[in-house]
Structure formats: C-alpha cells, structure tokens
Amino acid sequence: FDRTKTREEIYAIDTPPPTVSGSLHVGHVFSYTHTDVVARFRRMRGKEVFYPIGWDDNGLATERRVQNYFGVRCDPSLPFDPTFDLDRLDRPDDGAVPVSRPNFIQLCERLTAQDEKAFEELFRRLGLSVDWTQTYTTIDEHSRRASQRAFLRLLDRGLAYTVEAPTMWDVDFRTAVAQAEIEDREIEGTYHHVRFDRADGKGTVEIETSRPELIPACVALVANPSDERYSSLVGKIVLTPLFGAEVPVVAHELADPEKGTGLAMICTFGDITDVTWWRELRLPAHVVVQRDGTIAPSRWGEKGWDSSDPEGATRAQNEIAGLPAKKARRKIAELLDASGHLVGEPEPVRHVVKFYEKGERPLEVVASRQWFVKTMDLKEELLERGRELRWHPAYMGARYTSWVEGLNGDWCVSRQRFFGVPFPVWYPVRADGSIDHEHPLAPPESALPIDPSSDVPDGFTEDQRGAPGGFVGDPDVMDTWGTSSLSPQIAARWEEDEDLFTRLFPMDLRPQAHDIIRTWLFYTVLKAHLEHGTLPWWNAAISGWVLDPDRKKMSKSKGNVVTPIDVLERYGADAVRYWSASARLGVDTAFKDEQIKIGRRLAIKILNASRFVLSFEAPEGAIADPLDRSMLRRLAEVVEEATRALEDYDNARALELAERFFWGFTDDYLELVKSRAYGSNGPEPAGSAISALRLALDTLLRLFAPFLPYVTEEVWSWWRRGSIHRTPWPGTDALEAAAADADPLAYEVAAWVLGEVRRTKALAKVSLKTQVERVVVADSPERLTVLAGAERDLREAGNVRELVTVEGDDPSVEVVLPRA
RNA sequence: GGGCGCGUAGCUCAGUGGGAGAGCGCUCGCCUCACACGCGAGAGGCCGCAGGUUCGAAACCCGCCGCGCCCACCA
C-alpha cells in the first residue's frame with residue numbers, strides 16, 4: 001500500500017477479520033471472493049487499494065479453544081507471571097491450570113498464529129489480493145488500545161455508563177449478553193392454570209403461566225386497563241399460592257386481554273416485559289433465580305419478603321431451592337396440585353423462548369452490574385446513518401432499519417468472561433470495604449492498553465488492591481463486538497498514525513454477510529457515529545450464505561461442511577472464484593460441484609483460445625475488415641456495460657456480460673476469421689484479423705482479470721510485460737478507434753448465418769467439414785448489405801461454395817447440401 | 001403480527017413493457033489443422049394462482065398461495 005496517495009486516490013476496504021478459531025469453510029472463499037473482485041477492479045481502475053487483513057482471535061471461541069488446547073483456564077485475579085512456561089507447569093490431575101489474563105493472551109496469540117497460517121494459505125491460494133503487510137489481530141496490543149481508548153472517551157462523555165440492572169443472562173456461560181446475541185427458539189413448554197385467592201376472601205382469580213417456579217418472585221398481577229373483566233379487581237390484593245405473599249392487581253397497557261386469562265403474573269424477572277412492568281409500575285423485586293440458573297434458598301420472613309404464612313412459604317421454597325428452573329417447575333406444579341391451586345391439567349405447548357445464540361438453556365433475566373453504551377437516545381440518528389449508507393443490494397438496508405427500530409435497551413457491552421479486552425478502569429474501595437462503582441478510576445490514554453487485574457491505577461500501589469481505602473480492578477471484559485466494531489479504526493491506525501488515518505477514514509467499503517448486520521455492521525456504525533460523527537464507510541456489500549446442495553445452511557453440527565482446500569485442489573482457484581462471483585450479492589447460494597465445473601471450463605477455454613490467437617505471427621495490420629470492426633464495436637459495448645455493473649458492485653452481471661461475449665467470440669468470430677487469419681485471402685486481410693484478435697484478447701483478459709486472476713495472468717505472461725493485475729482496466733477508446741465506422745450488425749448477421757449452416761449439417765448428421773453447395777439468405781436490404789462484407793469469411797468458415805442473397809421480409813437461410 | 005426477498009426448462013439461475021433465455025443434465029451427431037477437460041445440434045416451459053392497467057404483461061398495480069430470511073414485550 002502506497003500511503004503517499006490522497007484520500008481521493010485511495011479505495012479502502014474494511015476486510016472482515018475471520019474468526020481464526022473457527023474452521024475453514026466454503027463460505028469464506030465465497031464472500032472473500034466477492035470482495036477481492038471489487039479490490040482488483042478498483043486497482044485496475046487506478047485506485048490505490050487499501051486491503052488489510054485481520055484475524056479475530058478475541059472472544060469465546062478462542063477462549064474455549066485455548067483452554068482445551070493447552071489445558072489452562074483464565075483467572076483474571078492472578079497477577080501476570082513473566083516467567084510463565086507451559087512446559088514446566090505443575091498440572092493438577094483433575095483440571096485446568098489457572099493462568100493470569102496477560103498470560104492467557106500470550107497463549108492465545110501463540111495458538112492463533114497457527115490458525116492464521118491455515119487461513120493465510122487458503123486466502124493466498126484463492127488468489128485474494130489482500131495486503132499481507134497490513135495485518136492485525138483483535139486481541140493484539142494495538143486493538144486492545146483502540147478498544148480501551150474508545151471506551152474511555154465514551155465514559156468521559158457520559159455515553160458509557162455502569163448500572164446494576166436486570167439484563168439477559170446465560171446461566172451456563174454465566175455472563176450477561178446483549179440483545180444482538182439473542183435468538184428465538186421454539187421449545188416444549190407447559191401452561192399451568194393457577195388460582196390466586198383474594199386477600200379479602202371474596203373469591204379467587206386465575207392466571208396462566210409457563211413458569212410456575214417463579215411464583216415466589218411474583219410481585220403483582222396485571223390486567224389491561226380496558227379489560228372490563230378485571231376492572232373491579234385492579235387495586236385489590238391477592239395472595240400468591242404456596243408462598244402467601246400479598247401482591248396487588250395492577251393495570252398496564254402491555255397486558256394482553258387475549259393471552260391466557262387476560263390476567264398475568266409479574267415476576268422479577270421472567271422476561272423483558274416483567275422488567276418493563278417492574279420499572280414503570282415501581283414494583284419491589286423478589287429475585288429467586290440465581291446466576292447459575294438455580295432457585296435461591298428461602299428468605300421468607302426477612303425484610304421485604306412478607307408472607308401470610310412464612311413457615312409454609314419457607315417450606316415450599318426449600319423444596320425448590322438449588323434446583324434448575326425446569327426441575328423446580330415440575331416440583332412447584334406438584335405442590336400447587338397438592339394445595340389445590342392448580343386448575344385442571346397442565347397443557348403441553350410449543351412456545352418461543354429467548355436463547356443466547358451460543359447457549360443451550362433459555363436465558364434468564366438477572367440483576368447485575370453491567371456496562372452499557374447509550375443507543376436508545378440515538379435511534380433517529382442511527383436510522384439516518386443507515387439511510388446515508390449505500391447498501392448493495394439496496395434491500396439489505398431494511399434489516400438494519402428494522403433492527404434499530406426494534407432496539408429495546410442500551411448496548412450491554414460487558415461480559416463476565418475471562419478472555420477479551422478488559423474494561424480499563426478500577427474502582428475505589430471504601431473504608432468499609434465496599435466498592436464505589438460510581439467513581440471509576442481511569443488511566444490516561446497514554447497508558448493503554450492496561451489490564452486492571454495486573455496494572456495499578458495512578459496514586460496506588462499493588463498492595464492496596466482490594467484493601468479498604470484502596471482499589472479493585474473491573475473484572476469484566478468487553479463484548480467481542482466492542483473490539484471488532486472498531487475494525488476500520490484499528491486497520492487505519494486511529495490516533496497512532498493520524499496521517500494514515502486521514503487518508504483512509506471513512507473507508508469505502510464494508511463487505512460482510514447478512515447475518516451480522518445487527519451486530520458487526522450496526523456496532524461499527526454506532527462507534528463511528530459516536531466517536532467521529534460520520535459513517536465508518538460509504539458502501540456496504542452484503543454477501544449471502546453458502547448453503548449445501550439441499551439448500552440447508554452449512555454447519556459443523558450438520559456435518560455438511562465442504563472443505564474449501566479440497567474444492568480448490570479439485571477444480572482450481574479460478575473455478576471456485578467463478579462460482580462465487582456468479583452469485584449476486586445478498587443471495588444465498590447452494591454449493592454445487594456442477595456450477596464450479598463451469599468456471600473450470602471457462603478458464604481452460606481462455607487458455608486454449610489465447611494460445612490460438614497468439615499462434616498467429618505478426619505482422620499485424622490495420623483493422624480494415626468490416627467484420628473485425630463490427631466485433632470490436634460489440635466488445636466496446638460489453639466493456640462499457642461491464643464497467644458500469646462493477647462500479648455498481650454488480651460483479652455477477654459484469655462476469656456474465658464478459659462471459660457471454662467470450663463464448664460467442666470463440667464459437668463464431670474465431671471460426672469466421674480463422675481461415676483469413678491463416679492467410680487465405682492475402683496478408684492484409686490476415687493482418688486485420690490478427691490485429692483484431694489480439695486487441696479483443698487483450699481486452700477480454702483484462703475484463704476477466706478480477707474474476708480469474710490465475711489464468712489471465714498466465715496468458716498475459718505469454719505476450720505482455722508485467723502483471724495484468726497492475727494494468728489499467730480496459731476502456732472503450734482503443735476499441736472505438738479500431739471499430740471506426742463499423743456496423744455492429746455485421747457480426748450478428750454473420751454469426752446467425754453460420755449458425756444456420758451448422759444446424760443444417762447437424763440435423764443431416766454430417767460432419768461440419770462437409771461442403772455446402774449453396775446458401776440462400778433472405779433478409780432486409782440493410783442486413784444483406786452488412787452481410788456482404790463478411791461473405792468470404794462466411795463461405796470459408798462454413799465451407800460454402802456459393803452464397804446467394806435475396807431481399808425478403810421474412811429472414812431465412814436455406815442451406816443446400818450436396819446429394820448423398 | 002410487521003417487514004424483506006424469492007417463485008421462469010429436470011437442476012442452478014438471468015431476464016422488468018413488444019421475439020421466453022443461459023449453463024448444467026438429457027438425446028443425437030462430429031477425432032473440423034486452439035481446445036475430446038472439446039465442438040455442433042435437438043428435445044424440454046398455462047414464466048406460482050386469480051384479477052386489473054395497457055393496443056400489448058414473465059415484467060407494472062391489487063389480492064391470494066407457497067418457500068426462505070429479518071424483526072417483534074406472545075404470559
């Protein structure tokens with residue numbers, strides 16, 4: 001990359017950093033080819049292309065892989081051990097060796113270096129023209145510094161804040177998760193009809209719930225204010241069954257009269273609606289689900305846990321304490337049945353429940369202290385950024401819009417994991433030993449990156465860690481998107497090389513797949529908006545997925561993953577690239593061997609046709625023949641259209657145009673001029689053909705170069721100096737000049753007549769060599785005139801003795817074969 | 001429930017107001033001096049359904065059906 005070029009001369013790409021702990025996948029060759037075609041095209045158009053490559057080695061995938069591979073586990077409470085040596089570890093027989101976070105990061109870098117090699121090998125083989133000197137990893141020092149700097153600036157401006165609040169929580173990973181990482185799954189559940197007794201003894205009410213184990217967390221019942229069935233009940237008190245807590249019946253718009261009995265139980269917390277009700281109706285909290293997903297022991301009788309029957313409540317609670325939600329549910333159902341509060345039989349249902357995308361059990365809502373980045377106040381601005389961005393294809397913008405519109409809370413960026421970029425803050429410890437979360441201690445930017453578990457804030461010493469009057473480090477790490485959302489800034493060396501940064505940012509292109517619009521794309525837009533007040537790039541090119549031949553998404557668990565190296569070995573990189581580039585942006589594409597074979601055939605055809613064209617020795621001559629000129633005129637149109645398509649990120653269309661012309665070129669034009677090029681009509685007509693052939697070949701090779709870099713470079717090396725990938729993209733000037741006054745019809749009409757001759761021979765089941773006695777062409781005067789210019793070529797190509805033309809309204813070709 | 005995309009030959013797909021197409025597969029023929037990893041040709045389609053606009057609709061509008069995806073606070 002030539003960094004002396006100005007922003008206008010540069011085309012900058014925010015290359016996706018692949019997750020190196022994942023496996024190689026044909027999806028990689030697919031979407032990365034889309035980007036490489038763009039890069040090669042822009043380069044030939046004269047742009048200085050900034051095309052970096054990063055490796056995403058930050059996050060859960062790496063954490064798990066490093067753990068398993070080395071037999072260690074990250075323990076941020078440990079200090080950095082500079083003498084750490086894997087080979088001299090005392091390994092406990094029963095588990096993993098705890099290591100500090102800085103040591104864990106070193107192991108990660110060591111392991112991912114191997115994974116990166118595998119990716120690099122694949123990418124080089126595929127012919128990706130990325131700049132191997134512009135690399136980064138998402139856990140390296142530079143990326144950590146950028147992530148922490150961005151965070152501290154948000155903190156400074158009050159855009160990042162910490163608060164203790166209910167958030168979505170995965171009980172297996174034991175971490176908070178963000179809305180963007182949540183997915184719906186349909187699972188088996190059970191509806192229970194449960195009776196609540198009124199505290200005044202004037203009857204009972206019924207609710208329906210799929211989570212009876214949360215009855216001890218029930219703090220109210222709720223009905224819609226317009227629901228007349230319950231209008232007299234609102235304001236009254238009911239007793240929770242089994243636990244005897246006195247809870248009010250309240251009214252709220254979100255209660256749906258259509259659901260269940262129209263009366264719902266508000267628990268702290270069963271789902272996000274509960275959180276809304278709890279907050280807006282200012283209800284107390286009775287939290288019973290613990291961070292590991294089990295039910296907490298009884299607190300009945302304590303302050304805030306009033307019950308009309310504390311002993312009974314405690315007994316009931318102790319029946320379920322320590323049980324995971326599912327088991328507790330069955331137990332509570334039994335208890336309700338025994339106490340007569342269960343109405344009828346529980347009904348099995350299939351219902352939609354929220355899961356962490358990597359998780360195995362439904363998410364719980366757990367109150368915990370987390371870091372958030374403000375997004376809710378910015379919805380309108382973010383929607384405007386989405387409109388400002390040029391989406392390819394345009395309809396993908398709708399996914400961004402619906403995501404932003406549906407945001408229901410600020411971005412929860414903290415994770416209770418061990419590996420990742422730590423929050424660069426400490427908290428003062430008060431004299432009583434409690435932690436003052438309201439006044440975090442931040443390091444100066446010049447000190448970044450830091451690890452608060454090993455580093456010490458200014459004005460403190462290590463022995464004050466955790467001590468009254470001392471400090472503690474923030475134990476959490478950032479969401480993996482907290483780092484990758486800065487990929488343009490990281491690659492462009494934000495704040496570390498301002499000269500470079502201003503030449504690159506905002507970038508031109510973000511290529512990625514559609515499944516991470518709500519995460520990677522959204523967070524990148526958000527960060528750039530907050531920090532720089534601009535989009536991070538002007539274009540987003542969204543690739544589809546690769547599906548298996550049965551149109552199912554490929555995944556390791558389904559065992560239908562195709563290994564890209566195998567495919568490259570079998571068909572060659574050009575063939576695989578052809579298949580990828582043939583798919584339009586945004587469209588999910590099935591992987592089929594047959595489709596890849598077509599690309600291989602094209603590449604081989606280019607090789608053979610080129611060998612043929614270049615087999616004719618110069619001298620070249622002036623391009624004077626009307627057929628030659630006509631062909632070049634048509635080629636100029638193709639160049640123009642293909643260029644327009646590529647400018648508009650429509651790779652598939654450009655490839656299709658070049659390919660269609662090329663097949664006609666070999667099937668018709670080469671056959672038509674072959675004899676003349678051999679000199680059947682003397683040196684000057686031959687020179688015209690040879691010159692036209694070479695000009696067309698030169699143009700076609702460059703048209704194909706972004707798609708088929710290997711075969712085009714090979715042929716280029718036969719007769720030209722330097723790399724084809726450094727030559728300019730073909731323009732129309734040379735073609736127009738050579739075509740001069742040509743009528744584009746000549747090529748078309750000649751090819752049509754030749755086709756008719758071939759058809760007649762094929763239907764007669766004779767060899768194409770067979771001589772034709774006479775061909776009679778009936779057509780309009782205009783077409784007959786241009787045909788006349790190609791008569792000799794046509795007769796030689798079709799081995800036609802006599803060509804007769806007649807004017808007629810109904811175009812036809814009569815082919816007279818000799819009698820058998 | 002809302003939104004987006006898709007529905008064209010056996011398969012994969014292109015085609016957006018005026019002749020229904022490509023490649024693969026299938027069938028037939030051809031060792032034609034670039035290519036048998038090739039060449040030539042053929043068969044094969046109520047363009048999802050039903051209305052409307054238009055002189056004219058695969059395309060534009062309305063409705064419906066089917067498939068896929070995205071989003072949503074379904075107790």
Side-chain angles (χ1 to χ4, degrees), chain A residues 179 183-184 189 191-192 194 207-211 214 221-222 252-256 258-267 270-277 349 351-354 393-408 514-515 517-518 544-545 547 549 551-553 571 579 582-584 586-616 652-653 656-657 659-660 663 666-667 670-671 674-675 678 754-770 797-799:
Chain A
Q179 186 184 356
E183 64 183 27
D184 288 344
Y191 282 154
H192 305 75
V194 180
I207 59 114
E208 191 175 69
T209 179
S210 59
R211 300 205 59 186
L214 293 181
L221 298 187
V222 64
H252 193 279
E253 291 293 341
L254 284 180
D256 185 348
E258 304 292 316
K259 301 269 166 61
T261 62
L263 194 59
M265 176 167 85
I266 301 178
C267 302
D271 60 29
I272 305 232
T273 319
D274 283 337
V275 177
T276 306
W277 282 327
V349 287
H351 62 157
V352 174
V353 175
K354 296 199 176 307
Y395 61 75
M396 284 294 174
R399 299 209 181 183
Y400 174 91
T401 301
S402 70
W403 175 254
V404 175
E405 284 172 345
L407 285 173
N408 58 28
H514 53 59
D515 55 332
I517 288 173
R518 67 179 188 172
W545 277 335
L547 309 174
R551 300 203 68 82
K552 298 277 186 316
K553 191 186 175 186
Y571 304 108
W579 162 73
S582 301
R584 310 174 86 73
V587 178
D588 294 346
T589 302
F591 178 87
K592 289 210 164 186
D593 283 35
E594 302 93 82
Q595 301 297 319
I596 293 180
K597 286 179 189 159
I598 302 167
R600 180 174 171 79
R601 211 164 65 98
L602 174 62
I604 292 171
K605 192 74 173 178
I606 289 172
L607 230 35
N608 285 318
S610 301
R611 189 169 60 191
F612 177 61
V613 168
L614 296 175
S615 69
F616 296 106
R653 166 106 183 119
E656 189 198 337
L657 285 163
E659 189 191 6
R660 192 190 307 152
W663 283 109
T666 59
D667 293 347
L670 282 183
E671 294 302 327
K674 186 183 282 188
S675 177
Y678 276 123
L754 179 62
E756 291 299 308
V757 171
R758 283 192 297 232
R759 192 160 73 97
T760 306
K761 292 179 181 178
L763 290 174
K765 300 195 175 180
V766 297
S767 162
L768 289 176
K769 284 190 302 190
T770 309
N799 196 10

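Values in this document were obtained by computation on a predicted structure and should not be read as measured data. We name chains A, B, ... by the order of the sequence lines, and we start the count at 1 in each one.
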For the residue pair A:His252 and A:Trp277, categorise the inter-ring angle as parallel (less than 30°), tilted (30 to 60°) or perpendicular (more than 60°).
->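 Rings of A:His252 and A:Trp277: perpendicular, over 60°.
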[X] side chain: which of [options] is closest?
X: A:Leu768; options: B:U32, B:A72, B:A34; value: B:U32
X: A:Ile598; options: B:G40, B:G23, B:A75; value: B:G23
X: A:Trp403; options: B:U12, B:C71, B:C30; value: B:C71
X: A:Lys605; options: B:A34, B:A41, B:C70; value: B:A34
X: A:Lys769; options: B:U32, B:C11, B:C35; value: B:U32
X: A:Leu763; options: B:G40, B:A75, B:G42; value: B:G42
X: A:Arg584; options: B:C24, B:C69, B:G15; value: B:G15
X: A:Thr273; options: B:C73, B:G42, B:C30; value: B:C73
X: A:Gln595; options: B:A34, B:A14, B:U12; value: B:U12
X: A:Lys259; options: B:A41, B:A75, B:C73; value: B:A75

Is [X] reaching over with its side chain to a backbone N or O of [Y], donor-acceptor style, under 3.5 angstrom?
X: A:Asp274; Y: A:Asp271; value: yes
X: A:Glu208; Y: A:Tyr191; value: no
X: A:Gln595; Y: A:Ala590; value: no
X: A:Lys761; Y: A:Gly798; value: yes

Say we look at [N] and [M]: how far apart would their [atom1] atoms be, to the nearest angstrom?
N: B:G56; M: B:C39; atom1: C1'; answer: 41 Å
N: B:G3; M: B:C26; atom1: C1'; answer: 42 Å
N: B:U53; M: B:C71; atom1: C1'; answer: 34 Å
N: B:G21; M: B:A34; atom1: P; answer: 32 Å
N: B:G5; M: B:A20; atom1: C1'; answer: 24 Å
N: B:G7; M: B:U12; atom1: C1'; answer: 14 Å
N: B:G29; M: B:A43; atom1: C1'; answer: 14 Å
N: B:G18; M: B:A72; atom1: P; answer: 41 Å

Looking at [N], I'd like to know if its phosphate oxygens (OP1 or OP2) sit under 4.0 Å from a side-chain N or O belonging to [X].
X: A:Tyr678; N: B:C33; value: no
X: A:Gln179; N: B:A72; value: yes
X: A:Lys674; N: B:U32; value: no
X: A:Arg601; N: B:G23; value: no

How would you label the contact of [X] with the nucleic acid (heavy atoms, under 4.0 Å): base, sugar-phosphate, or nothing?
X: A:Lys765; result: sugar-phosphate
X: A:Asn408; result: sugar-phosphate
X: A:Glu405; result: nothing
X: A:Trp277; result: base
X: A:Asp667; result: sugar-phosphate
X: A:Ala652; result: nothing
X: A:Ser615; result: nothing
X: A:Thr666; result: base
X: A:His514; result: nothing

Please state how far atom [atom1] in [X] lies from atom [atom2] in [N], giving the value in whole angstrom units.
X: A:Glu671; N: B:G38; atom1: CD; atom2: C1'; answer: 12 Å
X: A:Asp588; N: B:G5; atom1: CG; atom2: C1'; answer: 10 Å
X: A:Arg399; N: B:C69; atom1: CZ; atom2: P; answer: 10 Å
X: A:Lys354; N: B:A72; atom1: NZ; atom2: P; answer: 6 Å
X: A:Ile604; N: B:C39; atom1: CD1; atom2: P; answer: 10 Å
X: A:Arg518; N: B:C71; atom1: CZ; atom2: C1'; answer: 9 Å
X: A:Leu754; N: B:U32; atom1: CG; atom2: P; answer: 17 Å
X: A:Arg600; N: B:A36; atom1: CZ; atom2: P; answer: 14 Å

Once you apply the 3.5 Å cut-off to both distances, tell me the Watson-Crick or G-U wobble partner of [N], or none.
N: B:G21; result: B:C13
N: B:C33; result: none
N: B:A41; result: B:U27
N: B:A58; result: none
N: B:C4; result: B:G68

Between A:Glu756 and A:Arg759, is the closest basic N to carboxylate O distance under 4.0 Å?
->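 Yes, A:Arg759 and A:Glu756 are salt-bridged.
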Between CG of A:Leu670 and CZ of A:Phe612, what distance do you get to the nearest 0.5 Å?
->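 Reported value, rounded in 0.5 Å steps: 6.0 Å.
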With nearest nucleotides of RNA chain B determined for A:Asp256 and A:Leu407 from heavy-atom distances, which residue corresponds to the more 5′ nucleotide?
->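 Whichever sits nearer the 5' end wins; that is A:Leu407.
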Hey, which of these two, A:Asp184 or A:Ala264, hits RNA chain B nearer its 5' end, going by closest nucleotide?
->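 Result: A:Asp184.
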Reference residue A:Trp579; test side chain to side chain contact (heavy atoms under 4.5 Å, CB included); the match among A:Thr589, A:Asp593, A:Ile598 |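 Of the listed options, the one satisfying the test is A:Thr589.
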Yes or no on side chain to side chain contact (heavy atoms under 4.5 Å, CB included) for A:Trp403 and A:Ile517, after CA distance, side-chain angles and deciding distance?
-> CA-CA 9 Å; A:Trp403 175 254; A:Ile517 288 173; 6.0 Å; no
